[in-house]
Each structure stands twice: as structure tokens, then as C-alpha cells.
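A quick write-up on the structure given underneath.
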Amino acid sequence: MLKRETAQAALAEVAIEEWSGPQREAIAALPKKLAELGEILRLRGSRDYKEYNAAARSVGDLTADERSQLFTAIFPQIGQYVFQAYESLLLTLPFQSGYSRRAFRSQQVHHHRQRRDQCLSSWLRITQAYNQPLDWYAAWAPYLSYGANQLGFIFAAAINEGDAVGNQVFEILCDSARGEHDIGAMGRHVVRSLLVANRPDGWQLMENMLVAAQRQEGLRQSILETVDESHPEAFTHMLRVIVEQNMVRFSATVRAADVWFGLN
């Protein structure tokens, strides 16, 4: 893990003032409807709030092929995985978000509209200053802007793909969790990625860290508060660990279960 000052200096060297020329050209080369939509999303910070929100919502009304084209232009090095996260992965997760969410899942696409919009907005905000490959984001996520944990969904989508990039991202995240990566560090992006993805060895690492947390209430809380989003098999796996280890004695466990099951 890097010192915060060192990380910020390194990030400043690769940051871009605005999206690169090739990126703007890729958006301009899209069919007219997609090009107009892409330009609004690209300039999200300087656009009218209502105009931007309308554009983000309209992404959900596109066909899968249109979304693939749009994301490939907007996210040139990670578009494939952004598409998989938006198109498939998010639809398998609880559709509510935020502090007071409940762990309810639905197969109805319209239930996921708000969360999809929120994630897309976060992904745009986090990545628009850096045109980098996914393994770079996996390593540098702890030092990026607030909300970088939302990248965890993209990391999980890549891990589920099982290709070379996904495997590399998985190793970076695991090394970050163990404190063995030169740059990466433990954070909610790691917890979210490993619990949501479909790799049992990632779940096992999170189980080991949860059991070993002892008095590290912050670590315990960050894991437990992500369990409701996890892969269904990971969810039941973690519940079994909580019972076997008598973790109901911790306040973080009680609060997390309150959210998972809507107990109030």
C-alpha cells in the first residue's frame, strides 16, 4: 500500500483534463442517437442535472447491442466489463441501494433502473479522469475518488468472465486484501468484488478475514455490510460461518442482519 501523498502524486501524472481525443472520436463515430447520448454522458459535469439524468435513464432503454457500442466508446479499455456488469451482473443483485436498503432481489428489469443509473454515474465520475485498463483500476481503486467501491461490480463481472484480465484482477484484489500488493490495499471494493463474483476461493478469503477480524470492528462491518449483495452461494456460506463462530455477539452482525432480512 502506498502513502496517500505518494499515491495522489502518481495519479496526477496519469490524469487527463478531459476525455482523450480518441475517446471523443469514438463517441462521434457512433450512430447519431448514441453519439448524442454519449456526448451528454461524457460531459456529465458540465451538463444540466436533469439533462444528464434523462440521458442516464435512457441508457436502460437501449438495446443490448446499442449499450455495448456506447460503453465501448465511453470506456475504451474496460467497456466489455462495464457492459457485463450493467447488462447482467447488476440484475442478479438486490435492487435497492444505500444505508436503508433491503436485500430484496427481483428478475424485473425495471426494479433495477435506479441502481443501474447510480452505478453508471459512479463509473463515469471515477473513470473520466483516467483512461486505463481494468487491472490498473483494481490496484489504484483505494486512492480514487469517493465511491470507487462501485468499481467492485465491474471487477466482479471481469472475474466471472474467467479470462486473463479477470484472473489478473482477482489476483490483485486478493493480494490487496492480504496486504501483499505493492499498490493495492484492502477496501470495500475488494470485499464487494470477491463476494459478488462466482469464485469460491474469493469467498473463502473473505471468510478467513471475517473470522480473523477479532477487534477490528471496521473490517468486520465492511464485510458484513456487503454480504447481502454477494453471490447467493456466498451468502449462505457466510451465514453458516456467522452461526458457527457465534458472531451474533457483535453489534455489526446484528445491524447487518437487520438490513438483510428487513427486521427493523
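Nothing fancy with the numbering, it's 1 onward along the sequence.
- Separation of the W140 and Y130 ring centroids does not fall under the 6.0 Å cut-off.
- Donor-acceptor pairing under 3.5 Å is recorded for the side chains of Y81 and D163.
- In this structure the side chain of M186 never reaches within 4.5 angstrom of the side chain of H181, judged on heavy atoms.
- For the pair S121/Y52, a side-chain contact is recorded, criterion being any heavy-atom separation below 4.5 Å from C-beta on.
- Taking F250 as the reference, nothing meets the ring pair (Phe, Tyr, Trp, His ring centres under 6.0 Å) condition, with sequence neighbours excluded.
- At a threshold of 4.5 Å between non-hydrogen side-chain atoms, the residues R42 and I74 do not count as touching.
- The closest side-chain heavy-atom distance from L34 to L62 is below 4.5 Å.
- Aromatic pair W260/F235: centroids less than 6.0 angstrom apart.
- Environment of CD in E180: crowded, with over 12 heavy atoms of neighbouring residues, nucleotides or ligands closer than 6.0 Å.
- In this structure, the side chains of I172 and S176 come closer than 4.5 Å at one or more pairs of heavy atoms.
- Side-chain N/O atoms of N167 and E171 include no donor and acceptor closer than 3.5 Å.
- Judged purely by distance below 3.5 Å, without hydrogens or angles, the side chains of Q221 and E225 pair a donor atom with an acceptor atom.
- Ionic pairing of R240 and E207 is not present here: no N-O contact between side-chain nitrogen and carboxylate oxygen is shorter than 4.0 angstrom.
- The shortest distance between side-chain heavy atoms of I223 and M209 falls below 4.5 Å.
- Using bins of under 30°, 30° to 60° and over 60° for the plane-to-plane angle, the ring pair F71/Y86 lands in the perpendicular bin.
- Within 6.0 Å of CD on Q114 lie no more than 12 heavy atoms contributed by other residues, nucleotides or ligands.
- No salt bridge links D258 with R255; every basic N to acidic carboxylate O contact stays at or beyond 4.0 Å.
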